[in-house]
K.L.:
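So that we are looking at the same thing, I have put the structure below in C-alpha cells.
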Number of protein chains: 2
Amino acid sequence: MSARKRVSLKDIAAACKVSVATVSKALNDQADIGQETKDLVRETAEAMGYFPNFAAKALKTNRTYNIGLLFMDDSQSGLTHNYFARVIESFKKKIEEKGYDLTFISNNRSSQGYMSYLAHARYRNFDGVAIACVDFYKPEVEELVRGNIPVVTIDHVFNDRSAIISDNVMGIKDLLTYIYEMGHRKIAYIHGSDSAVTQSRIKSFYKTAMDLGLEIPDEYVLEVEYRDTVGAQRATEKLLELSDRPTCILYPDDFATFGGINAIKQKGLRIPDDISIAGYDGIDIAMKYSPQFTTIVQDTDLLGRKAAEKLIDSIENPRTTLSEQVIVPGHLNEGETVKRLIS
Amino acid sequence: MSARKRVSLKDIAAACKVSVATVSKALNDQADIGQETKDLVRETAEAMGYFPNFAAKALKTNRTYNIGLLFMDDSQSGLTHNYFARVIESFKKKIEEKGYDLTFISNNRSSQGYMSYLAHARYRNFDGVAIACVDFYKPEVEELVRGNIPVVTIDHVFNDRSAIISDNVMGIKDLLTYIYEMGHRKIAYIHGSDSAVTQSRIKSFYKTAMDLGLEIPDEYVLEVEYRDTVGAQRATEKLLELSDRPTCILYPDDFATFGGINAIKQKGLRIPDDISIAGYDGIDIAMKYSPQFTTIVQDTDLLGRKAAEKLIDSIENPRTTLSEQVIVPGHLNEGETVKRLIS
DNA sequence: TAATTTTCCTAAAACGTTTTCGTAACTTGA
DNA sequence: TCAAGTTACGAAAACGTTTTAGGAAAATTA
C-alpha cells in the first residue's frame, strides 16, 4: 500500500551513520571495510528493503549484465521454432545462473526512429549478444557481428567470431549410415534451402553416400524450405511417383517430415512397412508421435549452454578468450520409421 | 577498428558551441529551442554518430522503456510451448512498435543472491510486466502482480488487474455444439489439470451439454496434464476399452491430441471413420497434419496485441486506465477429425 | 618512545542525462 | 518611449551509484 520511495545508498548511510562510500563498499564486499561495519550495513540494507539501482550502476560501471538476443526476422518463425526455442531456453537458463538477463534485439522503435540491430545493442548497452535463427546474410546482421560487442552465433560461423554449431556432418553421416545398415540402398534426400547448415549437410550426405558406395540419382534429391510441411508433402508426392522409387526418404527437419507423412498416408502407404522416412532435430512431438521418428536429436541443451559459456567468457575475459567454434554432436534416435530390410 | 569513445551530449555541445542543456532539449524537440539550433544540433549529433545513453536516461527519468516478461517456471514448457510462444511473439512485435523492449524476468542471479520476481522487476526497473504460462498460484507470482508495477496477465485473471484471456467458454461451447450437430451423442472429455482455464472449460462443457440435452457419464470425463501426450494416450486407451465407448473425444490441447492419435492407431482404429477427436489451440502442426485437426484456433495474434496495448496504456496513462479483462474469441476450425454421423 | 605500517573510513568527482529556474535580448502594444 | 510579454538559451542541481585519493586512528615494529 505505502508506495514509499525507493531506498538508496544514501538512506542506508544515514541510518548507519556512515558515508555513502562505505555503504557501497560494504555491500560489494570490498576489503577495506571492517567486518562489523559490513554486517551492520548489510543488515540495515536488508531491513530497509534495499536493492541496487540498476541504471545508476550501469551508468557508472558501463556494465549492464544484460545480454541481447537476436532471434528472428520477419520471414522466420522465431520463437515458435521448436528447435531454436529449446536452444534459447537452455541459453537463458545458463546466463541467468551467472547473473545476466536476456533482452530481445529488434529495430523498430518509434522514439528515436529506425535503429539498426547494432545501434539498438549499443543503445541498450548489452554486455554481449547472441544470434540465432536469423538470415545471417543480411547486412545488418553482419554489422552487428562486426560491432565491438562480444558476440556468439548459433548454427552459423562468422570468420573470427565465436560460434556454436551442431554437428551436421556427423549427424547426416550417422543417419545415412544407419539407414544403409538397415538395408536401404535407394535413399532420397529432401534438403533445406541454402544456408550454412544445409550446405554442410548436403556435402556430408554425398560424401557418406560415396563412402558407402551408394548411388544417388539426381531425382532423389529435392530442395524445400525448412519447416515447410506443404512443400515437403509435394516433394514426397513427386518421389512416390517415380518409376523407381526410393525405399527411404530423409527430410530436412521433423516438421517437414510431417508433410511426408501426409503424402505417404494419402497414397495409402504405411510407415515404415511400405516406405521408410527419417527426420532431423528431434523436436518434442517427433519423439512422442507413433511411430516415433527416426531422427537426429540435436543436443539443444548443450548448444545453449555452450553458447552461454562462450559468450560470458568473452565478456568477462576479453583478452584471454579467443574466438572459437564449438561443434556439438547430436545423437541418432533410432525410432520406428526406418524399416529393417536385411538381417 | 577505432574504438572511439562513445559520443555524449557534452561532445555535441562542444561541437555546436552551445550548452549541454540546449543539446538535450534540441534532441527531445522541446519548444524553447530555436529551429536553427535544433537543426544544427541534430545534424551534428547524426554526423558524430550519437545515440543516447540508456542508463543515464533511465536514471534520470525513471523510465526504462523495458518490459519484463515472466514466462515459465521449471515445471512448465516455457518457450517451447507453441501456443504461448505465438502469443508472446505477437506481444513482442506490438511493444517494439511502441519503442519498448522485452526482457525475461527470472530469479536466479548469483551476484545479489536470490531475487524474487518482484525484486528482479524492480531492480531492472521495468515499466511494466506481462505474465503468461506460469503457475499463477505461486506466492511469488502473486507478489509480482500485487507489486506496484503495471501488469497484465494472459489467460488468468487476478482481481483488480488487467488480463487478456481467450474465450474458453465460447470455445468449448462452439466445439461441443459442432460435434453435436455432426450427430455425436457419446462425447468424452479429457481436460487439463486444475487452472483457471480448465475450470471455465469444464463448466462450459457441462453447461453446453445440458443445454443440448446431452448425457455425459462420469467415466467419459478424465483429467490429464496439459501437453501430456503420454497421459492423453493412456486416458484414450481407457476410453476405448469402455463397453459403451464414446464416438468422439475432446482433448485439452492439440499436443495431447497426438497422444490420442497414437492410442487410436495402435488399436487399429481410423480417424475419423471409427472414432472422432477434437483438440484445442490450433497449433501449427495441428493445422498441417493430415487429417487436419478439428480444433478451436486461438487468436494468438490478437491475444498478444491486446495484452501489449493494455499494458502500454496503463504504463503511459496510469490514472485514466482502469484494469480490465479482455476476452478474445477463438474460432472453430472444422478440420477433418470429426465424422458426420447424420445428415 | 618514535617511526612505520595497517586498518578502516570519508570527501568528492564522475558517469550522461533531464529539468528547473533565471535572464538577456528581442518583440509587441499603447 | 516604456512596460510587458515572448523567445532562446545556459547554469546548476539532481538521479544513485563506483572509485580514487587521502587521512585519522590503531597496531606494530625498532
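Letters go in sequence order (proteins before strands), and every chain restarts at 1. Worth knowing before you read on, the calculation uses all heavy atoms, side chains too, and leaves out hydrogens, waters and symmetry mates. Predicted model only: the values in this text are computed from it and were never measured.
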K.L.:
For a quick check of understanding: with a heavy-atom distance under 4.0 Å over all strands, which category does A:S24 fall into, base, sugar-phosphate or nothing?
P.N.:
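Base contact.
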K.L.:
For B:K25 and for B:L59, locate the closest nucleotide of DNA chain D by heavy-atom distance; then report the residue assigned to the nucleotide nearer the 5' terminus.
P.N.:
B:K25
K.L.:
To the closest 0.5 Å, what do you measure between CD1 (B:I312) and CD (B:E316)?
P.N.:
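The distance works out to 6.0 Å.
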K.L.:
Nearest-Å distance, CG (B:N53) to C1' (C:dT18)?
P.N.:
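For the pair B:N53 CG and C:dT18 C1', the rounded distance is 13 Å.
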K.L.:
Report the distance from atom CG of B:N28 to atom P of C:dT20, rounded to the nearest whole Å.
P.N.:
13 Å
K.L.:
Could you tell me how far apart A:K17 (NZ) and C:dT10 (P) are, to the nearest whole angstrom?
P.N.:
12 Å
K.L.:
Quick one: which residue pairs count as a salt bridge (Lys or Arg N to Asp or Glu O under 4.0 Å) with a foot in residues 303-313 of chain B, not counting sequence neighbours?
P.N.:
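Non-adjacent pairs meeting salt bridge (Lys or Arg N to Asp or Glu O under 4.0 Å): B:K94-B:E309, B:D301-B:R305, B:K310-B:E324.
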K.L.:
Before accepting this row, confirm whether a basic side-chain N of the pair B:E46/B:R42 lies closer than 4.0 Å to the acidic partner's carboxylate O.
P.N.:
no
K.L.:
What is the bend of the helix from C:dT1-D:dA30 to C:dA30-D:dT1 when you compare the axis at one end with the axis at the other, using five pairs each and rounding to 10°?
P.N.:
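About 40° separates the two local helix axes.
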K.L.:
Under 4.0 Å from a heavy atom of chain A: give me the 5'-most and 3'-most nucleotides of DNA chain D that qualify.
P.N.:
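For DNA chain D, the relevant span reads D:dG16 to D:dA21.
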K.L.:
Regarding B:F54, tell me which of base, sugar-phosphate or nothing describes its non-hydrogen contacts under 4.0 Å with the strands shown.
P.N.:
nothing
K.L.:
May I ask you to verify whether the side chain of A:D32 and the base of C:dC9 hold a donor-acceptor pair under 3.5 Å?
P.N.:
yes
K.L.:
For B:E142, which residues count as a salt bridge (charged side-chain N to carboxylate O under 4.0 Å, His left out) partner, sequence neighbours excluded?
P.N.:
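Partners of B:E142 under the salt bridge (charged side-chain N to carboxylate O under 4.0 Å, His left out) test: B:R146.
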K.L.:
Residues two or more places apart in sequence or in another chain: which of them pass salt bridge (charged side-chain N to carboxylate O under 4.0 Å, His left out) with B:D155?
P.N.:
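Result, salt bridge (charged side-chain N to carboxylate O under 4.0 Å, His left out) vs B:D155: none returned.
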K.L.:
Relative to each other, are the rings of A:Y100 and A:Y65 parallel, tilted or perpendicular (30° and 60° limits)?
P.N.:
tilted
K.L.:
Under 4.0 Å, heavy atoms only, any strand: does B:T61 hit a base, just the sugar-phosphate, or nothing?
P.N.:
sugar-phosphate
K.L.:
Whole angstroms only, please: what is the CD1-P distance between A:I33 and C:dT6?
P.N.:
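These atoms are roughly 18 Å apart.
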K.L.:
Using whole Å, what does the distance between atom P of nucleotide C:dT19 and atom CG of B:L27 come to?
P.N.:
13 Å
K.L.:
When you measure from the side chain of A:T37 to the backbone N and O of A:I33, does any donor-acceptor pair fall under 3.5 Å?
P.N.:
no
K.L.:
Applying ring-ring contact (aromatic ring centres under 6.0 Å, His included), name anything that partners A:F158, two or more places apart in sequence or on another chain.
P.N.:
A:F136, A:H156
K.L.:
Measure from the side-chain N and O atoms of B:T44 to the backbone N and O of B:C16, and report whether any donor-acceptor pair falls under 3.5 Å.
P.N.:
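The answer is no, because no donor-acceptor pair under 3.5 Å joins these two groups.
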